[in-house]
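So the structure is just underneath, and the comments pick up after that.
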2 protein chains.
Amino acid sequence: MSCVEATPARSRNAAATRAAILKAACGRFSREGYDGASLRDLASDAGVDPALICRYFGSKEDLFAEALKNCASPPDLFGGDPKSFPERVAQMLVVEPKPEGKLEHLLMVLRSAASTKAAEIIRRNNRETFYGPLEEWLGAPDAAVRARAVAGIIMGFAVARAIDDDAMLQDGERQQLCRKVADLLRTAIG
Amino acid sequence: MSCVEATPARSRNAAATRAAILKAACGRFSREGYDGASLRDLASDAGVDPALICRYFGSKEDLFAEALKNCASPPDLFGGDPKSFPERVAQMLVVEPKPEGKLEHLLMVLRSAASTKAAEIIRRNNRETFYGPLEEWLGAPDAAVRARAVAGIIMGFAVARAIDDDAMLQDGERQQLCRKVADLLRTAIG
DNA sequence: CGCCTATGTCACCGCCTGTTGACTTAAGTC
DNA sequence: GACTTAAGTCAACAGGCGGTGACATAGGCG
C-alpha cells in the first residue's frame with residue numbers, strides 16, 4: 001500500500017507489458033549477451049515482475065528467440081541503393097557514433113553466440129533472417145559465397161568495435177579505415 | 001574430453017598441476033567462453049580439486065588473464081613469409097578442418113568478450129599481443145589502420161565459423177570463399 | 001452492484017556459482 | 001624414523017540464477 005509506484009502505472013495491459021518486456025530483452029541481450037542478462041535485471045528494466053516473463057514467454061530461451069525476431073535490424077541494410085551499399089555499411093560500422101541501436105540484432109548475436117542455450121536459436125535465426133535475405137539480395141552467381149564474405153566483414157568490424165569500444169583510432173584514421181572497409185565490401189560483393 | 005590425461009599419479013608436483021589447470025582453462029574458455037566455463041568443470045578437466053584453482057591463481061579473472069597469455073596463438077601468423085600471408089590465413093580460417101587448436105586465443109577472445117568481467121582483461125591483452133605485434137609486422141604507413149582492417153577480417157571469419165560451425169558451404173564454395181578471403185586480406189594490407 | 005477472469009505480486013524452490021578455511025596427506029630434510 | 005611444510009581434499013558459505021504455484025487485485029460484463 002505504502003509502496004510508491006515508480007512507473008506511471010501501465011494499467012493492466014497485457015500487450016503493452018509483453019512489448020515492454022520484449023524491448024527490455026532486446027536492450028539487455030544486445031548489451032550483455034544471453035548469459036550476462038538475467039531475467040531479474042531485464043524485468044526491472046521493463047518495470048515488471050520477473051515471474052511475468054516466464055508467464056508470457058515460457059522460458060528465457062523462448063524470450064531470446066522472440067527478441068531475436070523482433071529487435072531492431074540495421075534498417076534498409078540490404079534494401080537501399082546497391083551502388084551505395086559498401087559506403088553506407090562501412091559508415092555505420094566504423095564512423096557512426098552510436099550504432100548500437102541499429103546494430104542491436106547483430107550485437108545480440110555476437111554477444112550471445114558463446115552460450116550453448118542461445119547458439120542453436122541463433123544459427124536457425126541467422127539462416128532465416130541474415131544469410132537468406134542477403135543471398136537473395138546479392139543474387140547472381142555464387143550468392144552463397146559472396147553472402148558469406150559480406151557477412152564475415154560485417155561481423156568482424158562489428159565485433160572489433162564491440163570489443164574495443166572506439167578507444168583506439170583518431171578521426172583521420174577512422175576515415176581511412178572507413179574507406180578501406182568500403183573497399184573490402186566491394187571486393188566481397190564483386 | 002575428461003581425463004585424457006592418463007597420468008593418474010601426478011605425484012604432488014605444483015608446476016605440473018598449475019600447467020594442467022592452465023591447459024584445461026585454455027580449452028574450456030576457448031570453447032565455452034568466460035561465463036560458460038565453470039571452475040568446477042575446468043577443475044574436472046584438469047583432474048584437480050576446484051579449490052586448488054583459487055589457491056594457485058587467486059580468482060577466476062586472474063586465471064583467465066593468465067590463460068589468455070599462455071594459450072596457443074596462431075603459430076607464426078604474423079611471422080612467416082609476408083607474401084603468402086593472405087593465403088595462409090585464409091586457408092586456416094576457411095578450409096582447415098579443425099582450426100580450433102590454432103585459433104584458441106582468438107576463440108577465447110570472441111567467446112568471452114560479452115562478459116563484463118573478462119572484457120577489460122581482453123582489451124588490455126588485445127593491444128599488447130594482437131594489435132601491437134600486428135602493427136609492428138605490417139609497419140610502413142598507416143600501420144594502425146591496416147592492422148585494424150586485417151584484424152577485422154580475421155575476427156569476422158573466425159566468428160562466422162564459430163557460430164555456424166561449418167554446416168553451410170560445399171567444398172567448391174569453400175574454396176571460392178577461401179580465395180575471396182585471401183583477396184580481402186590483400187586489400188586490407190595494401 | 002457483484003462476479004469472474006485476466007493480469008500482476010509474492011514467496012519460495014532447487015541448482016549452480018566462485019571462494020574460503022579447516023583438515024589430511026605426501027614429500028623432502030635432518 | 002621423526003618432523004616440517006608444501007600439496008591436495010573436503011565441506012560449507014553466501015549469493016545469484018531460472019522457474020513455479022499460490023495468492024491478490026483490477027476491470028469489463030451481466
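Order of the sequence lines sets the chain letters (A, B, ...), proteins ahead of strands, with each chain counted from 1.
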OP1, OP2 of C/dG8 versus side-chain N and O of A/Thr17: anything below 4.0 Å? yes

Do the non-hydrogen side-chain atoms of A/Leu42 and A/Phe29 ever get within less than 4.5 Å of each other? yes

Between A/Ser38 and D/dG16, is there a side-chain N or O to OP1/OP2 distance below 4.0 Å? no

Measure the distance from CG on A/Leu39 to P on C/dC10 and round it to the nearest whole Å. 18 Å

Distance, nearest 0.5 Å, that separates CZ of A/Arg161 from CE of B/Met155: 13.5 Å

One thing to verify: whether A/Asp183 and A/Arg186 come together as a salt bridge, which I'm taking to mean a side-chain N less than 4.0 angstrom from a carboxylate O. yes

Between B/Ile21 (CD1) and D/dA7 (C1'), how many Å, whole number? 11 Å

Closest nucleotide among D/dT25, C/dC10, D/dG8 to the B/Leu52 side chain: D/dG8

What is the distance from CD1 of A/Ile53 to P of C/dT7, rounded to the nearest Å? 17 Å

Cationic N near anionic O, under 4.0 Å, B/Glu96 to B/Arg174: no

Residues touching DNA chain C, which here means a heavy atom under 4.0 Å, drawn from residues 54-70 of chain B: B/Cys54, B/Arg55, B/Ser59, B/Lys60

Whole-Å gap separating P (D/dC17) and CZ (A/Arg28): 10 Å

Using five base pairs at each end, measure the axis-to-axis angle across the helix from C/dC1-D/dG30 to C/dC30-D/dG1 and round it to 10 degrees. 10°

Have a look at B/Ala37 and say if it touches a base, only the backbone sugar-phosphate, or nothing, with a 4.0 Å heavy-atom cut-off. sugar-phosphate

Going by an N to O cut-off under 4.0 Å, is there a salt bridge joining B/Glu173 and A/Arg146? no

Taking the side chain of A/Arg40 as heavy atoms from C-beta outward, which of D/dG19, C/dT9, C/dT7 is closest to it? D/dG19

Option from A/Arg127, A/Arg148, A/Arg123 for which side-chain hydrogen bond (donor to acceptor under 3.5 Å, both in side chains) with B/Asp164 holds: A/Arg148

Which heavy-atom pair separates A/Cys178 from A/Val95 by the least distance, and what is that distance? CB-CG1, 3.8 Å

5'-most by nearest nucleotide on DNA chain D - A/Pro50 or B/Ala14: B/Ala14

Find the distance A/Lys117:NZ to D/dG18:P and express it as a whole number of Å. 9 Å

Whole-Å distance between C/dC16 C1' and B/Leu42 CG? 15 Å

A/Arg12 CZ to D/dC29 C1': how many Å, rounded? 17 Å

Below 4.5 Å, heavy atoms only, C-beta onward: do A/Met108 and A/Glu104 meet side chain to side chain? no

Go through C/dA26, D/dT9, C/dT9 for me and flag the one nearest to the A/Asp49 side chain. C/dT9

Heavy-atom side-chain proximity of B/Leu39 to B/Leu63 below 4.5 angstrom: yes

